[in-house]
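These notes concern the structure reproduced below.
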Amino acid sequence: MTPFARNVYKTVLSIPIGEVRSYKWVAKKAGSPRAYRAVGTILKKNPWPLIIPCHRVVKSDNDRGGYIFGAKTKKLLLESEREISRCIANKE
DNA sequence: CAAACTATTCAGC
DNA sequence: GCTGAATAGTTTG
């Protein structure tokens with residue numbers, strides 16, 4: 001556990017449901033805008049892959065990047081969360 | 001401490 | 001649109 005990783009986890013956890021942020025965005029929030037690679041490494045080796053919404057962190061604006069459970073799982077998760085957020089917005 | 005690796009991003013053709 | 005190079009932090013020896 002490193003200070004930078006801590007910031008990354010906190011930033012990722014602060015991403016709202018249905019929203020996606022790029023590694024660069026997370027890295028910038030963590031304090032090192034050029035450490036987007038490090039963010040990926042951290043998330044990959046992160047101790048709590050299940051409680052960290054690493055699926056909300058994507059590559060650039062179009063690609064989804066990778067995921068511990070598989071990129072396809074990440075895509076499904078993203079779509080599911082998008083639906084959830086829509087329900088919340090409609091006060092269902 | 002140093003070397004290697006990485007779920008990325010930018011620049012050039 | 002695709003290929004190659006660069007950056008910064010983590011992990012392992």
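Throughout, protein chains are lettered first and strands after them, A, B, ... in sequence-line order, and every chain is numbered starting at 1.
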Show every salt bridge (Lys or Arg N to Asp or Glu O under 4.0 Å) that has at least one partner inside residues 15-35 of chain A, sequence neighbours left out. Glu19(A)-Arg21(A)
Scan residues 37-49 of chain A for pairs that pass salt bridge (Lys or Arg N to Asp or Glu O under 4.0 Å), counting only residues two or more places apart or in two chains. none
Heavy atoms within less than 4.0 Å of DNA chain B: which residues of residues 74-84 of chain A have one? Give them sorted by number. none
Heavy atoms within less than 4.0 Å of DNA chain B: which residues of residues 1-15 of chain A have one? Give them sorted by number. none
For residues 50-60 of chain A, which residue pairs qualify under side-chain hydrogen bond (donor to acceptor under 3.5 Å, both in side chains), counting only residues two or more places apart or in two chains? His55(A)-Glu81(A), Arg56(A)-Glu81(A)
Above 12 or not: heavy atoms from other molecules or residues under 6.0 Å from CD of Glu79(A)? yes
With hydrogens left out and only the distance checked, is there a donor-acceptor pair under 3.5 Å joining Arg37(A)'s side chain and the base of dA6(C)? yes
Is it the case that dA7(B) (base atoms only) and Tyr23(A) (side chain only) share a donor and an acceptor within less than 3.5 Å, ignoring hydrogens and angles? yes
Could you give me the stems involving DNA chain B, meaning stretches of three or more consecutive Watson-Crick or G-U wobble pairs whose two defining distances are both below 3.5 Å? B:1-6 with C:8-13, B:8-13 with C:1-6
Atom pairs under 3.5 Å: protein N/O with N/O of nucleotides 10-13 of chain B:
residue: dC10(B); atom: OP1; partner: Lys24(A); partner atom: NZ; Å: 2.8

Closest approach of Ala35(A) to Ala27(A) (non-hydrogen atoms, all atoms of both residues): C-CB, 3.8 Å
Using a 3.5 Å cut-off and no angle test, enumerate the donor-acceptor pairs between side-chain atoms of residues 63-76 of chain A and protein atoms at least two apart in sequence or in another chain.
residue: Thr73(A); atom: OG1; partner: Phe69(A); partner atom: O; Å: 3.0
residue: Lys74(A); atom: NZ; partner: Val57(A); partner atom: O; Å: 2.4
residue: Lys74(A); atom: NZ; partner: Arg64(A); partner atom: O; Å: 2.7
residue: Lys74(A); atom: NZ; partner: Gly66(A); partner atom: O; Å: 3.1

For Val20(A), the other hydrophobic cluster members (4.5 Å side-chain criterion, sorted by chain and number) are Val58(A), Leu78(A)
ring-ring contact (aromatic ring centres under 6.0 Å, His included) contacts in which one or both residues fall within residues 11-47 of chain A, not counting sequence neighbours: none
Under 3.5 Å, side-chain donor or acceptor atoms of residues 3-16 of chain A against the rest of the protein: list the pairs with distances, not counting sequence neighbours.
residue: Asn7(A); atom: ND2; partner: Ala30(A); partner atom: O; Å: 3.2
residue: Thr11(A); atom: OG1; partner: Asn7(A); partner atom: O; Å: 2.7
residue: Ser14(A); atom: OG; partner: Thr11(A); partner atom: O; Å: 2.5

Contacting residues from residues 40-58 of chain A, given that a heavy atom lies under 4.0 angstrom of DNA chain C: Thr41(A), Ile42(A), Lys45(A)
